[in-house]
Amino acid sequence: MTTKTKKIRARYGLSRLTDGDVQHLLDSSLKGLTDNAASFSKPPVELSAYQSAIAAYDAAIPAALDGSKTAIAHKNQMRDTAVGMYVELAHYVEANCNNDMTKFLLSGFQPAASIKTPPEPLAQPAIDSVVPGPLTGQLKIKVTSVPKAKSYHIHWGAVPNGGGQPASWTEEPIPTGTSMIISDLTPGTIYTFQVRALGRLGYTNWSDPVSRMAI
């Protein structure tokens with residue numbers, strides 16, 4: 001009896017990935033195809049155009065961090081364009097690697113998982129920095145990127161006079177990426193911030209608290 005060899009497939013389904021994870025996949029495929037042009041000599045998308053699409057997406061990400069709907073929509077449009085090229089190139093690699101995993105990996109694409117593994121708990125996120133925002137009463141929060149996190153939530157509260165835990169908390173999701181600007185804070189007041197990440201098994205615990213004074 002002959003065993004049929006399973007065809008190598010590239011990893012798709014990037015819609016639920018964070019911008020950082022998508023950037024990594026795009027950059028890896030661009031480098032692989034560029035460095036191994038002899039093995040993949042006739043891509044359906046010009047690599048210069050692919051590089052330009054990735055650069056446009058990269059450039060749109062910082063502007064979307066302030067939560068502007070227009071900036072987020074522009075970033076998403078640039079992401080869709082680059083990912084569309086990624087998928088087209090992935091199909092080309094699948095068809096031209098001769099089902100040879102070694103050659104396939106030269107392309108920089110990742111193979112799709114052949115066996116579904118049960119989800120694992122996420123790593124604990126942390127707050128990287130809290131710095132003043134561009135306006136009075138604003139603080140910009142940056143958190144660590146956690147692999148396979150679907151989203152991040154931040155909560156904060158004013159520290160009582162004399163210290164201690166905030167009496168109440170305000171919680172919001174980070175709209176995109178791993179940074180956001182929190183507004184309407186009272187200058188001269190110290191606030192405590194914590195972050196948690198959402199994965200397939202639910203939320204992580206809240207991170208260690210970080211306190212900063214709004215100015």
Side-chain angles (χ1 to χ4, degrees), residues 14-24 26-27 54-83 119-215:
L14 311 189
S15 61
R16 295 185 178 183
L17 297 184
T18 66
D19 287 320
D21 289 339
V22 172
Q23 286 177 295
H24 173 73
L26 297 178
D27 291 342
I54 295 173
Y57 170 43
D58 291 345
I61 291 175
L65 295 178
D66 65 359
S68 164
K69 291 183 178 179
T70 300
I72 292 173
H74 176 67
K75 184 265 294 183
N76 289 340
Q77 182 181 10
M78 296 301 98
R79 170 169 166 152
D80 289 344
T81 298
V83 169
E120 297 181 355
L122 296 179
Q124 179 66 47
I127 295 177
D128 278 339
S129 62
V130 181
V131 298
L135 301 177
T136 299
Q138 290 186 336
L139 288 172
K140 184 175 182 179
I141 315 297
K142 180 174 176 56
V143 306
T144 56
S145 177
V146 176
K148 299 183 179 180
K150 295 181 178 181
S151 63
Y152 302 89
H153 280 230
I154 285 178
H155 74 177
W156 67 92
V159 176
N161 292 333
Q165 289 293 317
S168 62
W169 298 88
T170 300
E171 180 177 348
E172 286 188 14
I174 297 180
T176 180
T178 55
S179 298
M180 72 177 291
I181 292 176
I182 297 175
S183 304
D184 300 324
L185 301 176
T186 302
T189 298
I190 298 175
Y191 291 86
T192 293
F193 301 87
Q194 291 178 293
V195 63
R196 62 179 179 173
L198 176 63
R200 291 179 64 187
L201 296 179
Y203 285 104
T204 64
N205 293 327
W206 288 107
S207 67
D208 291 336
V210 174
S211 298
R212 292 289 186 276
M213 179 183 289
I215 59 175

Under 3.5 Å, which donor-acceptor pairs do the side chains of residues 185-194 form with other protein atoms, sequence neighbours left out?
residue: T189; atom: OG1; partner: T186; partner atom: O; Å: 3.4
residue: Y191; atom: OH; partner: T186; partner atom: N; Å: 2.9
residue: T192; atom: OG1; partner: S211; partner atom: OG; Å: 2.8
residue: Q194; atom: OE1; partner: H155; partner atom: NE2; Å: 2.9
residue: Q194; atom: NE2; partner: S207; partner atom: O; Å: 2.7

Residues in side-chain hydrogen bond (donor to acceptor under 3.5 Å, both in side chains) with T18, at least two apart? D21

Holding to side-chain contact (heavy atoms from CB on, under 4.5 Å), I want the full list of residues that pass it with L198, two or more places apart in sequence or in another chain. S151, Y203

By side-chain contact (heavy atoms from CB on, under 4.5 Å) - contacts of N76 (at least two apart): I72

Around L201, counting heavy atoms of other residues, nucleotides and ligands shown, do more than 12 lie under 6.0 Å from its CG? yes

So do L17 and H24 actually touch side chain to side chain, heavy atoms under 4.5 Å? no

Please report the closest heavy-atom contact between [X] and [Y], naming both atoms and the distance.
X    : Y    : result
V195 : Y152 : CG2-CB, 4.3 Å
G164 : P160 : O-CD, 3.6 Å
T204 : P125 : OG1-CD, 3.4 Å

Starting at CD1 of I127, measure out to CZ of R212 and round the result to the nearest 0.5 Å. 9.0 Å

Ring pair (Phe, Tyr, Trp, His ring centres under 6.0 Å) partners of residues 170-190, not counting sequence neighbours, each pair once: none

Keeping to residues at least two apart or across chains, list the ring pair (Phe, Tyr, Trp, His ring centres under 6.0 Å) pairs with something in residues 124-150. none

Residues which pass salt bridge (charged side-chain N to carboxylate O under 4.0 Å, His left out) with D19, listed by chain and number, not counting sequence neighbours: K75, R79

Which pairs would a plain distance check flag for residues 168-175, meaning a side-chain donor or acceptor within less than 3.5 Å of a matching protein atom at least two apart in sequence or in another chain?
residue: E171; atom: OE2; partner: H153; partner atom: ND1; Å: 3.0
residue: E171; atom: OE2; partner: R196; partner atom: NH2; Å: 3.0

Taking side chain to side chain donor-acceptor pair (under 3.5 Å) as the cut-off, I'd like each qualifying pair that reaches into residues 119-129, sequence neighbours left out, listed once. none

Side-chain donor-acceptor pairs of residues 134-144 under 3.5 Å, sequence neighbours excluded:
residue: Q138; atom: OE1; partner: L135; partner atom: N; Å: 3.1
residue: Q138; atom: NE2; partner: S183; partner atom: OG; Å: 3.0
residue: T144; atom: OG1; partner: A126; partner atom: N; Å: 2.9
residue: T144; atom: OG1; partner: A126; partner atom: O; Å: 3.4

In short, salt bridge (Lys or Arg N to Asp or Glu O under 4.0 Å) pairs touching residues 149-165 with sequence neighbours left out are none

